[in-house]
Amino acid sequence: QVQLVESGGGLVQAGGSLRLSCAASGSIFSIYAMGWYRQAPGKQRELVARIISGASANYADSVKGRFTISRDNAKNTVYLQMNSLEAEDTAVYYCNADVQTSGLPTMGGTYWGQGTQVTVSS
């Protein structure tokens with residue numbers, strides 16, 4: 001069992017900042033990648049940012065230059081620093097992790113957190 005717990009969401013005015021955190025726990029051997037997705041009402045879930053161990057981060061075009069993803073590997077935690085927030089950023093943000101749960105490379109899978117609400121007022 002792998003658990004992902006998000007925190008840091010809330011209400012902020014346009015132009016403000018928030019930092020989201022996601023801590024992974026449970027049967028974790030290693031984490032290949034962690035990322036953030038979001039889903040706004042009436043829209044499909046979309047990738048916001050993703051970071052792979054030993055590689056550069058990927059960002060949605062809409063957040064490039066405003067959001068920064070980072071990892072603390074020792075804590076199995078991923079962060080999303082969100083600056084210059086816009087009303088269009090309002091969504092439920094979900095943490096995602098690709099986790100290997102044992103020394104066998106085929107053991108593991110993709111896990112999701114419960115989501116944290118980010119609301120940006122205009």
Side-chain angles (χ1 to χ4, degrees):
Q1 181 74 25
V2 175
Q3 301 85 36
L4 303 178
V5 180
E6 304 103 332
S7 63
L11 175 65
V12 65
Q13 290 186 327
S17 299
L18 285 173
R19 190 182 75 156
L20 305 183
S21 300
C22 173
S25 62
S27 300
I28 299 173
F29 181 80
S30 65
I31 300 178
Y32 171 70
M34 300 187 77
W36 292 94
Y37 293 72
R38 67 186 181 187
Q39 186 168 19
K43 299 182 67 177
Q44 297 296 117
R45 184 180 64 189
E46 65 175 351
L47 172 69
V48 178
R50 189 169 185 259
I51 186 166
I52 300 172
S53 180
S56 61
N58 296 318
Y59 297 91
D61 288 341
S62 60
V63 307
K64 287 180 179 177
R66 300 188 298 120
F67 292 8
T68 302
I69 189 170
S70 61
R71 284 177 64 175
D72 185 335
N73 293 329
K75 297 180 179 179
N76 288 330
T77 299
V78 64
Y79 305 93
L80 185 68
Q81 179 66 46
M82 305 186 294
N83 298 326
S84 301
L85 283 162
E86 305 168 353
E88 292 74 20
D89 296 316
T90 296
V92 177
Y93 284 70
Y94 296 93
C95 181
N96 166 269
D98 293 323
V99 179
Q100 185 178 343
T101 55
S102 80
L104 297 175
T106 58
M107 296 295 294
T110 300
Y111 296 87
W112 295 90
Q114 289 294 108
T116 184
Q117 178 70 50
V118 171
T119 302
V120 184
S121 62
S122 59

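All heavy atoms count here, side chains included; hydrogens, waters and symmetry mates do not. Only a predicted model underlies this, so the values are computations on that prediction, with no experimental measurement involved.
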Q3 and Y111, any side-chain heavy atoms less than 4.5 Å apart: no
Under 3.5 Å donor-acceptor, S62 side chain and A60 backbone: no
Atom of V78, atom of C95 and distance for their closest heavy-atom approach: CG1-SG, 3.9 Å
Pairwise side-chain contact, D98 with I31, heavy-atom cut-off 4.5 Å (strictly under): no
Intermediate values then yes/no, side-chain contact (heavy atoms from CB on, under 4.5 Å), M82 and R19: CA-CA 6 Å; M82 305 186 294; R19 190 182 75 156; over 6 Å; no
V118 side chain reached by T90 side chain, heavy atoms, under 4.5 Å: no
Joint hydrophobic cluster, L85 plus V92, side-chain heavy atoms closer than 4.5 Å: no
CZ-CD distance between F67 and Q81, expressed to the nearest 0.5 angstrom: 9.5 Å
ILVMFWY network linking V120 to L18, side-chain heavy atoms under 4.5 angstrom: yes
Approximate separation, where rounding is to 0.5 Å, of R71 CZ and C22 SG: 10.5 Å
Side-chain touch V48/Y94, heavy atoms, less than 4.5 angstrom: no
Listed partners of E88 passing side-chain contact (heavy atoms from CB on, under 4.5 Å), at least two apart: E86
Exercise: identify the closest heavy-atom pair between A33 and I52: CB-CG1, 3.9 Å
Distance in Å, K75 NZ paired with S25 OG, rounded so as to fall on 0.5 Å steps: 14.5 Å
Heavy-atom closest contact (A14 atom, S122 atom, distance): CB-CA, 4.4 Å
Distance-minimising heavy-atom pair for L20 and G9: CD2-N, 3.6 Å
Heavy-atom check, side chain of Y79 versus side chain of I69, under 4.5 Å: no
side-chain contact (heavy atoms from CB on, under 4.5 Å) evaluation trace for L47 with Y59: CA-CA 8 Å; L47 172 69; Y59 297 91; over 6 Å; no
N96 side chain reached by M34 side chain, heavy atoms, under 4.5 Å: no
Sub-4.5 Å side-chain heavy-atom contact between Y32 and V99: no
R66 and D89, any side-chain heavy atoms less than 4.5 Å apart: yes
S70 versus I51, closest heavy-atom pair with distance: CA-CD1, 4.4 Å
Any donor-acceptor N/O pair, E6 side chain to Q114 backbone, under 3.5 Å: yes
Residue pair S17, N83: steps toward the side chain to side chain donor-acceptor pair (under 3.5 Å) verdict: CA-CA 4 Å; S17 299; N83 298 326; 2.9 Å; yes
Working for side-chain contact (heavy atoms from CB on, under 4.5 Å), residues I28 and N76: CA-CA 9 Å; I28 299 173; N76 288 330; 4.0 Å; yes
Ring center gap for Y37 and W112 short of 6.0 angstrom: yes
